[in-house]
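Notes for the one structure printed next.
Letters A, B, ... are given to chains in the order of the sequence lines, protein chains preceding strands, and every chain is numbered from 1.
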There are 2 protein chains.
Amino acid sequence: MEEPGFTDLAQARVAVVGLGLMGGSLALALRGRCQALWGVDSNPTVQAYACQHAVIDDATDLAGALEAEVLVLAAPPRAILAQLAELAGWPAPPGRPLVLDLGSTKSEIAAAMRQLPQAYAPIGGHPMCGKEVSGLAQAEAGLFQDKVFVLTPLERTPAWALSRALDLIAAIGARPLELTPERHDQLAAAASHLPYLAATLLVRAAEGLGDDQIWQMAASGFRDTSRLAASDVTMMTDILLTNREAIRGALERYQAELGALLALLDGADAEALSAFLAAAAERRRGLFQP
Amino acid sequence: MEEPGFTDLAQARVAVVGLGLMGGSLALALRGRCQALWGVDSNPTVQAYACQHAVIDDATDLAGALEAEVLVLAAPPRAILAQLAELAGWPAPPGRPLVLDLGSTKSEIAAAMRQLPQAYAPIGGHPMCGKEVSGLAQAEAGLFQDKVFVLTPLERTPAWALSRALDLIAAIGARPLELTPERHDQLAAAASHLPYLAATLLVRAAEGLGDDQIWQMAASGFRDTSRLAASDVTMMTDILLTNREAIRGALERYQAELGALLALLDGADAEALSAFLAAAAERRRGLFQP
């Protein structure tokens with residue numbers, strides 16, 4: 001019979017690997033809800049800051065983190081992939097740790113999780129609460145409150161591990177949503193990665209006009225539509241490179257809509273143009289009710 | 001010698017034609033700063049509401065508005081064009097009214113203003129303070145506060161008319177920016193119309209995925225990037241049709257950036273991709289400091 005794993009988050013030691021906006025916020029949100037909080041960061045200054053500001057109880061390294069009952073991988077996606085590859089090459093850990101990652105893309109991470117020794121209980125996760133700012137100094141305990149937290153269980157994820165991941169999500173006030181890694185990546189490409197890219201293209205196209213007066217003309221509409229363009233570039237590069245296929249699909253749908261719009265503009269048919277715009281307006285008005 | 005026109009906004013009667021978000025807000029912002037405020041709207045219910053809520057002192061029609069010293073055309077661009085055509089066909093007004101429009105596009109309106117009889121003193125205007133909501137109920141006196149208010153004087157605009165338009169801009173707390181109509185339209189296409197279209201394409205591309213779960217995945221990033229898609233469709237159709245050439249140019253620059261991004265994604269060169277993203281991130285971080 002299989003090891004049942006741990007049964008109570010309040011009794012568990014949690015190690016957070018990557019103390020940026022997400023990992024730092026998770027540590028803050030878990031304070032007092034688990035037995036101990038350990039933190040790992042490749043930047044020693046960040047680790048020291050996390051200890052000094054009581055974000056974590058202790059600093060450790062990836063090997064040391066394997067003593068914990070819960071291992072949360074909270075670095076950018078390609079760093080998570082590297083860490084999973086490391087774990088796969090190491091001897092089995094002493095206990096049977098739950099391994100939860102917070103990466104914004106899931107299919108490649110799921111594939112890497114499948115390579116872990118059976119002593120690990122892995123499950124993918126993605127809290128839908130990005131910000132255009134990054135780093136531990138921006139972390140806040142309330143970041144996950146009422147936000148969707150996607151879980152992508154693998155075939156090999158044991159039932160107890162899913163339950164504990166749900167406990168963790170409840171402890172930080174988020175709302176769980178279970179998806180396959182592949183469906184997550186399709187949805188995230190359209191709902192999260194495409195908005196970032198649309199904002200980036202907007203800033204580049206405005207710059208491309210070559211008239212510096214444009215920044216004085218940019219009002220609240222430009223401000224909000226372009227906000228995500230200021231996101232962390234390392235993180236976004238990792239996301240693009242680990243979700244290329246789905247993002248390419250989203251960009252191609254976007255490109256097709258752009259082509260249709262250009263044709264309507266050439267046609268100058270007010271009614272057809274209005275119908276094209278109205279479909280999006282009606283959909284958008286039905287979302288995000290205050 | 002030419003009629004000098006009126007000299008003091010506080011002594012002038014102002015007629016606002018089109019009592020939507022912009023016209024209504026302008027009337028509210030001018031309360032107590034001019035001698036009388038008249039309002040014209042094609043919808044009698046809106047006119048009645050404006051009187052009942054003391055947004056204006058009296059309702060009138062376009063012909064009646066010609067008694068005023070200041071005529072503000074605040075309807076969508078194509079309605080402004082129709083009103084200017086009407087005025088051009090009528091007998092000269094009794095005084096020498098300043099005609100200021102608030103349309104979001106300026107070249108076509110400038111061309112129509114050039115057809116007005118010499119008894120009018122026309123000047124183009126565009127306050128850069130859109131909202132994704134519309135209508136008189138959304139109007140607010142503070143809408144223009146600290147916002148850029150573009151003025152596009154014509155060759156025929158007399159100096160006194162420019163001075164009075166600057167007085168009006170100062171009275172509502174906005175910041176004037178003088179541009180030619182053509183330069184305004186280029187800048188507005190990239191800074192204002194393109195963000196709206198990027199938001200619209202984003203909502204349509206998300207819808208095009210054909211998976212309703214997407215709306216649950218859409219978090220604050222999607223919310224802000226898509227906000228403008230909910231804008232008033234009549235207004236936006238008018239804007240697209242009266243600024244087609246500049247908007248086509250902006251969309252084509254956007255399309256070229258999209259093509260470059262797709263090529264970088266195919267190449268999977270992390271460094272080149274990062275550089276593409278970082279240029280926009282750096283520019284965006286330098287804008288809109290809190």
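At a 4.5 Å heavy-atom cutoff, the contact between A:Gln186 and chain B is made by backbone and side-chain atoms alike. Residue contact with chain B, scored on non-hydrogen atoms closer than 4.5 Å, is absent for A:Asn243. Heavy-atom distances place the side chain of A:Leu228, and not its backbone, under 4.5 Å from chain B. Neither the backbone nor the side chain of B:Ser192 comes within contact range of chain A; no heavy atom of the residue lies under 4.5 Å from a heavy atom of that chain. With a 4.5 Å cut-off on non-hydrogen atoms, A:His184 touches chain B through its backbone and its side chain both. Heavy atoms of A:Phe276 lying under 4.5 Å from chain B belong to its backbone as well as its side chain. The contact between B:Leu258 and chain A is made by backbone and side chain atoms together, counting heavy-atom distances below 4.5 Å. A:Asp238 does not touch chain B: none of its heavy atoms, backbone or side chain, sits under 4.5 Å away. For A:Leu265, the parts lying near chain B are the backbone and the side chain together; criterion is any non-hydrogen pair under 4.5 Å. Both the backbone and the side chain of A:Gln213 come within less than 4.5 Å of a heavy atom of chain B. Looking at B:Thr234, there are no atoms closer than 4.5 Å to chain A (heavy atoms on both sides), in backbone or side chain.
The CG atom of A:Leu262 sits 6.0 Å away from the CD atom of B:Glu252 when rounded to the nearest 0.5 Å. Taking CG from B:Leu201 and CZ from A:Arg253, the interatomic distance works out to 13.0 Å, rounded to the nearest 0.5 Å. Between the CE atom in B:Met217 and the CG atom in A:Leu177 there is a gap of 7.0 Å [rounded to 0.5 Å]. Here A:Arg283 contributes atom CZ and B:Ser226 contributes atom OG; the two are 11.5 Å apart, rounded to the nearest 0.5 Å. How far CG of B:Leu197 is from CD of A:Glu257: 12.0 Å, rounded to the nearest 0.5 Å. With rounding to the nearest 0.5 Å, the separation of CZ in B:Arg285 from OG in A:Ser231 is 8.0 Å.
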side-chain contact (heavy atoms from CB on, under 4.5 Å) assessment of A:Arg227 paired with B:Arg284: CA-CA 7 Å; A:Arg227 179 174 67 81; B:Arg284 181 57 179 74; 3.9 Å; yes
Any chance you could lay out the side-chain contact (heavy atoms from CB on, under 4.5 Å) test for A:Arg223 and B:Asp224, step after step, and finish with the verdict? CA-CA 9 Å; A:Arg223 180 195 66 207; B:Asp224 290 358; over 6 Å; no
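Counting heavy-atom pairs under 4.5 Å between each of B:Ala260, B:Ala205, B:Ala198 and chain A puts B:Ala205 at the top. Between chain B and the options A:Ala188, A:Ala189, A:Gly249, A:Ala270, the largest number of non-hydrogen pairs under 4.5 Å is found for A:Ala270. Among A:Ala190, A:Gly208, A:Ala230, the residue making the largest number of heavy-atom pairs under 4.5 Å with chain B is A:Ala230. Most heavy-atom pairs under 4.5 Å with chain B, from the set A:Val148, A:Leu241, A:Leu264: that is A:Leu241. Ranked by non-hydrogen atom pairs under 4.5 Å with chain A, the options B:Met128, B:Arg248, B:Arg204 are led by B:Arg204. Interface check for chain A: of the options B:Ala250, B:Ala219, B:Ala229, B:Ala278, the most heavy-atom pairs under 4.5 Å are formed by B:Ala229. Chosen from B:Leu240, B:Leu287, B:Leu273, B:Leu187, the residue pairing most often with chain A at heavy-atom distances under 4.5 Å is B:Leu187.
Between the side chains of B:Thr225 and A:Thr225, not a single donor N or O lies within less than 3.5 Å of an accepting N or O.
Under the 4.5 Å side-chain criterion, counting only non-hydrogen atoms from C-beta, B:Phe222 is not in contact with A:Leu194.
Looking at every heavy atom in both residues, A:Tyr254 comes nearest to B:Leu202 through CE1-N, 3.3 Å.
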